[in-house]
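Take a look at the structure set out below.
Just so we're on the same page: letters track the sequence lines, and every chain starts at 1.
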Amino acid sequence: MAHHPTGEEIEDTTVIPAAFDFKRASSAAEAISLMGEYGDEAKLLAGGHSLIPLMKLRLAQPTMLIDIGRIADLSYVKDAGDHIAIGALTRHMDVEKSEIVKQHVPLLAHAASHVGDAQVRHRGTIGGSLAHADSASDLPATTLALGATYVVQGPNGQRQIAAKDFYKGFLESALAPDELLVEIRVPKTSGGWSFQKFNRRAQDWAIVGVAAWRNGNNSGVALVNMGSTPILATSVSAALANGASIADAAELAANEAEPQSDLNASSEYRTHLAKVLVRRALEEASN
Amino acid sequence: MTMTDNRPNTVVGTRLLRREDPALLTGEGKFTNDLSIPGALHLAVKRSEHAHARIVNIDTTLAAALPGVVAVYTGADLESLWAAPMPCAWPVTPDMKNPVHYPLAVSKVHYVGDGVVAVLATSETISRDALDLIEVTYEVLPAVVDLDEALSDKVILHEELGTNSSYTWPLLIESTPGCVEEAFKNAAYTVKERYVQQRLIPMAMEPRAIAAVPQPFGGDVTMYSATQVPHILKVMAALTLGIPEHQLRIVAPSVGGGFGSKLDVYAEELLCLALSRKHNVPVRWVEERSENAHATIHGRGQIQHVELAADSDGKLTAVRFRIIADMGAYLQLVTPGVPLLGAFLYAGVYNLPQAYDFSCTGVFTSLTPTDAYRGAGRPEATYAIECGMDALARKMNIDPYELRKRNFIQKEQFPYTAFSGLTYDSGDHALAAEKATQMADYAGIREQQKTQNVPGAAKRIGIGMASYFEMCGLAPSRVLASLNYGAGGWEAATVRVLPTAKVQVVTGTSPHGQGHETSWAMIASEKLGIPVEDIDVLHSDTAIAPLGMDTYGSRSLPVGGVAIAGACDKVIEKARLIAAHQLECAADDLEFANGLFSVKGSPDRSLPMAALAFAAFTAHNLPDGLEPNLEAQYTYDPPNFSWPFGTHICIVEVDVETGKVQVLKYVAIDDCGNQINPLIVEGQVHGGVIQGLAQALFEEAVYDSDGNLKTTTLAEYLVPAASDVPSIITGHTITPSPTNQLGVKGVGEAGTIGAAPAVMNAVIDALSGLGVTSMAMPASPQTVWRTIQQAKK
Ligand SMILES: Cc1cc2nc3c(=O)[nH]c(=O)nc-3n(C[C@H](O)[C@H](O)[C@H](O)COP(=O)(O)OP(=O)(O)OC[C@H]3O[C@@H](n4cnc5c(N)ncnc54)[C@H](O)[C@@H]3O)c2cc1C
């Protein structure tokens with residue numbers, strides 16, 4: 001993978017993936033049945049913008065790719081009353097530009113607009129980003145801050161997983177191997193919000209990122225790239241609820257985090273950045 | 001010169017769009033990997049994953065058995081194919097140590113990426129799959145990553161050399177023995193700094209690519225290569241492989257950038273050539289991006305110990321520089337000479353008495369070899385003196401611009417004989433600096449700083465300048481001889497007026513993004529009075545342009561462009577003889593303007609170049625003894641280097657809390673003499689500035705202590721994108737070079753040379769109120785933040 005959130009080594013430097021077969025699924029059910037058929041050797045292919053780079057480096061070597069990228073009925077944004085529902089195959093660009101998302105969850109639309117560059121956003125999908133469970137990605141932390149629920153579908157039907165229960169470890173999620181992420185449900189928010197993405201080049205992954213919203217005593221703050229999973233900064237929200245000042249609450253930004261060191265930042269510097277960025281985010285969200 | 005007179009159809013000096021661009025922008029350009037070559041085998045190279053190790057065993061059984069694999073070779077298998085080791089053309093001292101180096105390592109590897117096994121297969125994919133099946137057993141030896149550690153010789157990389165030091169090259173120039181030491185003793189101010197020029201990866205957009213194609217019968221072979229130096233490559237490949245030179249043809253198709261990294265003779269080129277001849281089939285290879293990061297040369301890589309001595313006015317009285325230069329694992333084509341290309345420039349644009357004490361030691365490390373990278377030696381030199389000048393200004397508590405003004409070589413002093421004996425052709429440093437400071441509103445920013453850079457400010461603003469002098473236009477052959485360089489510095493051109501008055505300009509330069517086709521046509525058009533669209537430029541194929549010294553060192557215009565002008569002169573003189581013959585007048589009675597020869601005083605008696613070209617072709621009516629056809633060849637060996645100069649100013653804002661640097665404004669005033677095409681000049685400055693700014697803020701080849709490269713993709717090696725750089729404000733002064741008929745200097749490297757010190761001086765300036773006096777490159781947010789924390793202590 002292009003960035004190394006946990007600093008693991010790349011041994012191979014090839015750009016040509018190992019050989020694989022390819023099947024295109026035309027529905028969620030077909031994808032799930034193909035997953036059952038091919039088991040461990042298979043991987044779902046959505047936008048391909050996380051998977052293909054891994055395959056080119058031969059860090060992933062699936063022998064079967066099941067393309068779900070063209071399942072049209074999994075690409076939508078709907079107003080569902082108290083929440084909005086986003087199909088897993090919705091491209092980042094469509095989330096970013098959606099009037100519904102902009103109106104009811106502006107934080108998510110804004111975060112989507114910070115994913116990579118325009119080419120990446122036209123290809124990559126929200127479901128792929130969440131299923132990939134990369135703590136350095138913007139949308140896992142953003143949906144976590146927003147208290148989203150993910151709907152997943154397997155051979156035995158659908159179940160719902162709260163975002164806070166979804167992320168298990170580095171690139172590890174609560175998805176079973178034969179399950180498909182089909183929908184993301186994001187509660188509507190009101191009040192202030194802020195998305196702080198700190199990087200060296202505009203289109204890079206965040207060195208540290210903060211997604212935050214605040215509505216009086218209620219708030220949600222999540223951190224990008226501050227550990228092996230996206231981090232919900234619960235201490236910050238608790239302190240705010242207890243009346244702490246923004247500056248004091250922000251000092252607790254990294255309480256839940258286990259920041260790693262890499263080429264761009266030591267864990268010490270990451271911790272410092274998280275505090276600064278959480279403070280800035282809360283200041284912006286409180287305006 | 002004649003090009004600036006008031007002719008109505010003058011093309012030189014206009015912003016003509018580049019004729020190269022439509023093909024490149026629409027994807028029609030043919031790069032080496034776009035060539036379809038039926039029956040070609042694909043080369044893949046198994047590379048060492050250790051920085052320093054002995055090869056114990058290589059098991060290629062499984063790879064050789066993979067269907068589609070045609071052959072697998074170890075270094076030992078191929079030893080008999082090499083007539084000589086890989087070439088280094090610049091033995092900088094008589095006792096320079098140069099380890100023997102073959103295209104594949106035989107018994108030891110010396111960097112991660114060193115080639116160990118070559119695979120030939122029927123497809124690119126199979127060739128890569130085969131690499132995974134090769135088992136190499138190594139006895140791992142300690143890596144040598146740090147330059148000081150390398151110098152200590154605790155671990156010696158090439159045992160046969162007995163040391164890691166390749167050479168020490170001193171340049172001590174004193175008016176009287178001991179005057180440098182004396183000057184330091186008597187100085188009112190001294191500065192002592194240590195700067196690190198981090199290793200950079202050139203990252204040309206097109207990685208290297210090669211296709212060697214044997215011709216039917218007779219043993220001739222054509223090699224297509226993404227190279228900057230087809231001519232040099234031909235000579236060197238012939239010598240290294242023992243192929244008669246006349247049997248080799250090298251073609252550089254469209255080449256997607258080089259920045260010096262394609263100024264080399266690479267192992268893969270020799271492998272493709274040798275194996276295509278051995279198997280008598282075409283052999284091709286294309287480099288992968290991460291392979292490029294490992295196996296194509298790196299640039300920079302120096303530790304610089306900088307000492308300046310100044311009198312009470314701040315006038316420089318002596319300088320001393322000790323350079324440790326990272327050669328990497330082996331000496332490539334000009335590796336040892338690169339730091340020395342800056343050796344004469346460490347006094348920058350300043351009046352320095354003969355009190356110059358420079359020395360450079362080249363040292364081996366177990367890392368990718370270094371070689372020329374945009375600016376090659378001169379950015380390093382300029383950085384040392386320009387950041388040193390800012391340090392001196394801080395010490396004296398005066399404005400760095402004021403300090404520069406006190407030291408500039410003055411306009412009236414040109415041509416200026418420097419402390420070194422070199423003659424600087426022309427210049428006006430004070431003017432360039434004044435223009436830059438005006439355009440950047442230098443005084444205004446200084447005022448703004450008073451209110452903005454207050455204690456506790458979250459964002460501080462800084463302004464930095466760098467005035468540079470570049471020694472380019474490589475180069476007078478005799479001077480190269482005195483530096484022990486293995487070739488000349490001339491350039492060749494042929495100008496051929498075809499019967500229909502269309503023109504072929506054949507050049508020995510080898511453009512790879514610089515726009516020579518456009519500029520050279522403009523020069524010939526201006527000279528011959530033939531419309532620019534009727535002129536074609538042929539290049540980069542040794543069968544079409546057999547003579548040349550290629551493109552690097554900002555040499556193409558001041559040497560190659562001047563050669564074209566010279567060839568045009570010869571064509572005009574020949575045409576004049578024909579015109580005089582046909583108009584029945586003396587050659588001296590003819591005037592030539594706008595493509596027309598006319599008899600002085602009777603303008604109705606005239607002949608256009610087109611008629612003369614046809615006359616030369618039919619040869620029906622030529623002066624006695626004159627050869628038919630209108631064609632001339634001219635080779636130009638420049639009498640001097642060319643000396644472009646300028647001042648760059650950068651304004652930054654530093655986020656004190658996070659350490660992030662944002663460039664607010666960048667002003668580049670460059671003087672490259674007369675400009676053939678100002679649009680192309682600006683393009684070169686833009687690209688150059690961004691590359692220099694990238695060294696200051698973004699790029700670094702990072703290695704761990706075991707010698708593993710950590711920045712192997714464009715996600716880790718931070719080449720800035722358009723969204724990460726400011727729009728650059730360019731301006732010019734024009735001081736023609738008196739040494740060539742076009743009055744031109746080079747501009748390919750200027751931007752890179754000025755940018756890094758201007759940016760770093762700005763960053764330090766922004767933070768000087770916090771006690772920061774130095775900053776490592778790249779000034780990444782973390783580095784800046786840490787430096788601020790340390791200054792607080
Ligand atoms: C140059 C570049 C820059 C980028 N920059 C950023 C950035 O700044 N911020 C950021 O957040 N991301 C960034 N990305 C990643 C991008 O957002 C990806 O689009 C996203 O991470 C993965 O989405 P995808 O649809 O491409 O998934 P894919 O690559 O197709 O799949 C990723 C993984 O998820 C699985 N998967 C996909 N869809 C589903 C599903 N519905 N159910 C179950 N499993 C599924 C796949 O099997 C695979 O394992 C960047 C990518 C690139 C190439």
Side-chain angles (χ1 to χ4, degrees), chain A residues 1-5 7-20 50 53-54 56-59 61 114 116-120 136 196-208 210 250 261-280 283, chain B residues 42 44 47 49 112-113 123-129 131-132 207 286-295 458 655-661 694 697-700 702 704 706 708-725 778-786 789:
Chain A
M1 189 59 200
H3 74 102
H4 315 298
E8 58 281 71
E9 305 282 317
I10 287 185
E11 298 272 320
D12 235 314
T13 58
T14 186
V15 294
I16 298 176
F20 58 87
S50 289
L54 287 177
K56 284 181 168 182
L57 294 168
R58 298 196 174 194
L59 293 175
Q61 302 201 5
H114 278 77
D117 54 31
Q119 280 165 301
V120 173
Q196 301 279 331
K197 183 167 180 173
F198 189 82
N199 51 18
R200 291 179 63 188
R201 294 179 305 184
Q203 60 201 16
D204 282 336
W205 272 269
I207 295 172
V208 174
V210 175
S261 294
D262 62 20
L263 287 179
N264 287 319
S266 67
S267 66
E268 180 202 8
Y269 177 55
R270 271 208 162 79
T271 302
H272 165 77
L273 280 179
K275 292 177 183 175
V276 173
L277 298 175
V278 165
R279 196 197 74 227
R280 290 181 184 179
E283 279 164 1
Chain B
H42 295 260
R47 301 185 181 280
E49 61 231 43
V112 174
S123 81
E124 195 183 354
T125 314
I126 296 171
S127 73
R128 307 292 154 143
D129 286 346
L131 296 185
D132 290 348
V286 61
E287 190 176 45
E288 299 177 346
R289 177 57 63 194
S290 300
E291 192 176 26
N292 174 273
H294 286 103
D655 182 332
V656 177
E657 276 186 307
T658 64
K660 188 157 178 169
V661 176
L697 298 180
F698 293 101
E699 297 183 17
E700 178 176 22
V702 180
D704 69 14
D706 292 328
N708 296 305
L709 183 62
K710 309 303 289 179
T711 49
T712 62
T713 76
L714 287 165
E716 296 107 7
Y717 189 79
L718 304 184
V719 177
S723 44
D724 307 308
V725 294
S780 70
Q782 174 167 266
T783 297
V784 172
W785 178 74
R786 281 185 177 157
Q789 302 314 305

Exercise. Determine the minimum heavy-atom distance between Gln203(A) and Ala721(B), stating which atoms define it.
Key: NE2-CB, 3.9 Å
Quiz item: Looking at Thr711(B), Leu718(B), Leu714(B), which has the largest count of heavy-atom pairs under 4.5 Å with chain A?
Solution: Leu718(B)
Practice problem: To the nearest 0.5 Å, tell me how far Phe198(A) CZ sits from Lys660(B) NZ. | Solution: 5.5 Å
Quiz item: Looking only at atom types and distance, does a side-chain atom of Arg200(A) sit under 3.5 Å from a main-chain N or O of Leu697(B), one as donor and one as acceptor?
Solution: yes
Quiz prompt | Distance-minimising heavy-atom pair for Arg58(A) and Asp132(B) | solution = NH1-OD2, 2.8 Å
Practice problem: Hey, could you give me the CD/CD distance between Glu268(A) and Gln782(B), rounded to the nearest 0.5 Å? | Solution: 8.5 Å
Quiz item: Given a strict heavy-atom distance threshold of 4.5 Å, which part of Asp655(B) is in contact with chain A: side chain, backbone, both, or neither?
Solution: side chain
Quiz item: If you count the non-hydrogen atoms of other residues, nucleotides and ligands that lie under 6.0 Å from CD in Gln789(B), is the total more than 12?
Solution: yes
Self-check item: Any side-chain heavy-atom pair of Tyr269(A) and Arg786(B) under 4.5 Å
Solution: no
Quiz prompt | Between CG on residue Leu57(A) and OG1 on residue Thr712(B), distance to nearest 0.5 Å | solution = 7.5 Å
Quiz item: Asn264(A) versus chain B, heavy atoms under 4.5 Å apart: side chain, backbone, both or neither?
Solution: both
Quiz item: Once you round to the nearest 0.5 Å, how far does CD of Glu700(B) lie from CG of Leu263(A)?
Solution: 9.0 Å
Practice problem: Could you pull out the closest heavy-atom pair between Glu657(B) and His272(A), with the gap in Å? | Solution: O-NE2, 2.6 Å
Quiz item: Does the side chain of Ile16(A) come within less than 4.5 Å of Glu288(B)'s, by heavy atoms?
Solution: yes
Quiz item: About how many Å separate NZ of Lys56(A) and CZ of Arg289(B), when rounded to the nearest 0.5 Å?
Solution: 11.5 Å
Exercise. Output the distance between atom CG (Asn199(A)) and atom CG (Asp724(B)), rounded to the nearest 0.5 Å.
Key: 8.0 Å
Self-check item: Region of Pro720(B) that comes under 4.5 Å of a non-hydrogen atom in chain A
Solution: backbone
Exercise. Among the options Ala19(A), Ala18(A), Ser266(A), pick out the one with the most heavy-atom pairs lying under 4.5 Å from chain B.
Key: Ser266(A)
